[in-house]
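I have placed the structure first, in the form of structure tokens, so that the comments after it can refer back to it.
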Amino acid sequence: MRTHVLLLFAAACWCGAIIAAPAAIAADGPAHTAGSAIYAFFSPVCHQWDSHSFHLFGHKLPVCIRCSAIYFAFFAGIALYPSVGKRLMRRWSARTVIVVAAAGMIADVAGSAFGLFESTTVSRLVTGGTFGLLTAFVLTPVFHELIASLRLTGCDSDTHHHFS
């Protein structure tokens, strides 16, 4: 249970930074500097196009609509994993879930890139949200196992780890 709370906390911090950035940018002084740092942090993972972003406090979020949907749905997926995700993952393989999760997003991006149709705010929200939610269902148990193995490794004082 503590591991799950840790995962929720980490995802909440990530999403909180997305919301905090435009509020910080709107302020003066150190808050503005912190907001700039958050935008810089997210810039390698998102194009941050103004026209493809939600706005808050008069400023765009540091990630686009699709990335926002991915991150906030990922947080929701972690929260829903114990009640919904576990059941889904008993019925479907991780590979199938990831393919389904990515298919809509890939189709939306590719269709827009090839001029077949224009990607919209709704299509970005739905495809990004689906990807984030389903990916959380796949990755949450992986994170649980990783954290459990780190705890076991950290508790084993007789084992020395050497990194080459």
Side-chain angles (χ1 to χ4, degrees), residues 2-85 88-89 92 94-144 146-147:
R2 287 188 312 197
T3 298
H4 200 74
V5 171
L6 176 65
L7 292 173
L8 279 170
F9 178 74
C13 288
W14 188 270
C15 293
I18 292 168
I19 298 298
I25 282 290
D28 290 329
H32 185 87
T33 303
S36 295
I38 295 170
Y39 280 89
F41 174 80
F42 282 107
S43 68
V45 296
C46 182
H47 55 71
Q48 299 179 333
W49 294 344
D50 191 73
S51 63
H52 286 70
S53 299
F54 287 124
H55 291 74
L56 191 62
F57 306 112
H59 299 276
K60 68 180 178 177
L61 296 182
V63 293
C64 68
I65 292 167
R66 190 181 322 273
C67 288
S68 295
I70 290 169
Y71 298 140
F72 284 92
F74 191 87
F75 171 75
I78 294 170
L80 293 171
Y81 179 77
S83 59
V84 178
L88 177 77
M89 295 312 297
W92 298 93
R95 182 182 314 216
T96 299
V97 172
I98 292 295
V99 167
V100 168
M105 196 166 55
I106 291 168
D108 190 45
V109 171
S112 182
F114 291 117
L116 302 174
F117 54 81
E118 185 61 34
S119 184
T120 66
T121 297
V122 171
S123 70
R124 292 178 190 119
L125 274 172
V126 170
T127 60
T130 300
F131 181 78
L133 184 74
L134 294 178
T135 301
F137 291 165
V138 171
L139 292 180
T140 296
V142 173
F143 290 142
H144 278 274
L146 175 64
I147 292 168

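Remember, predicted model here, so these are calculated numbers, not experimental data.
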Report the distance from atom CZ of Phe74 to atom SG of Cys67, rounding to the nearest 0.5 Å.
13.5 Å
Using the side chain to side chain donor-acceptor pair (under 3.5 Å) rule, collect all pairs that involve residues 95-105, keeping only residues at least two apart or in two chains.
Ser93-Thr96
Ala24 versus Ala31, closest heavy-atom pair with distance
CB-O, 3.1 Å
Hey, what do you get for CD1 (Ile70) to CD1 (Ile65), rounding to the nearest 0.5 Å?
12.0 Å
About how many Å separate CH2 of Trp14 and CZ of Phe75, when rounded to the nearest 0.5 Å?
15.0 Å
Evaluate Val126 against Asp108 for side-chain contact (heavy atoms from CB on, under 4.5 Å), listing each step before the verdict.
CA-CA 10 Å; Val126 170; Asp108 190 45; over 6 Å; no
Parallel, tilted or perpendicular for Phe42 and Tyr71, by the 30°/60° rule?
tilted
Would you list the pairs meeting side chain to side chain donor-acceptor pair (under 3.5 Å) in which at least one residue belongs to residues 44-53, sequence neighbours left out?
Asp50-His55, His52-Arg124
Run the side-chain contact (heavy atoms from CB on, under 4.5 Å) check on Thr130 and Met105 step by step: do they pass?
CA-CA 8 Å; Thr130 300; Met105 196 166 55; over 6 Å; no
Are Leu7 and Ile147 side-chain neighbours, meaning at least one heavy-atom pair lies under 4.5 Å?
yes
Ignoring hydrogens and geometry, is there a side-chain-to-backbone donor-acceptor pair from His4 to His144 under 3.5 Å?
no
Can you name the closest pair of heavy atoms from Ala69 and Gly129 and give their distance?
CB-N, 3.5 Å
Assess the side chains of Thr127 and Ser123: does a donor N or O sit below 3.5 Å from an acceptor N or O?
no
Short question: side chain of Thr135, backbone of Gly132 - any donor-acceptor pair under 3.5 Å?
no
Taking C-beta and beyond as the side chain, do Pro22 and Pro62 meet within less than 4.5 Å on heavy atoms?
yes
For Cys64 and Cys46 the tightest heavy-atom approach is N-SG, 3.0 Å
Can you see which heavy atom on Ser112 is nearest to which on Ser119, and at what distance?
OG-N, 3.7 Å
Side-chain contact test, heavy atoms from C-beta onward, threshold under 4.5 Å: evaluate it for Tyr39 versus Ile25 and give yes or no.
yes
Can you confirm whether more than 12 heavy atoms, excluding those of Phe9, are under 6.0 Å from its CZ atom?
no
Gap separating the CG atom of Leu80 from the OG1 atom of Thr140, nearest 0.5 angstrom:
10.0 Å
I'd like to know whether Phe137 forms a side-chain contact (heavy atoms from CB on, under 4.5 Å) with Val84, so could you lay out the CA-CA distance, the side-chain angles of the two residues, the decisive distance to 0.1 Å, and finally the verdict.
CA-CA 8 Å; Phe137 291 165; Val84 178; 4.0 Å; yes
Over all atoms of both residues, closest heavy-atom pair of Val142 and Val138
CG2-O, 3.6 Å
Nearest 0.5 Å please: distance from the CZ atom of Arg66 over to the OG1 atom of Thr121.
10.5 Å
How far does CG of Leu61 sit from CG of Leu56, to the nearest 0.5 angstrom?
6.0 Å
Test side-chain contact (heavy atoms from CB on, under 4.5 Å) on Phe54 and Ile18 and set out the steps.
CA-CA 11 Å; Phe54 287 124; Ile18 292 168; over 6 Å; no
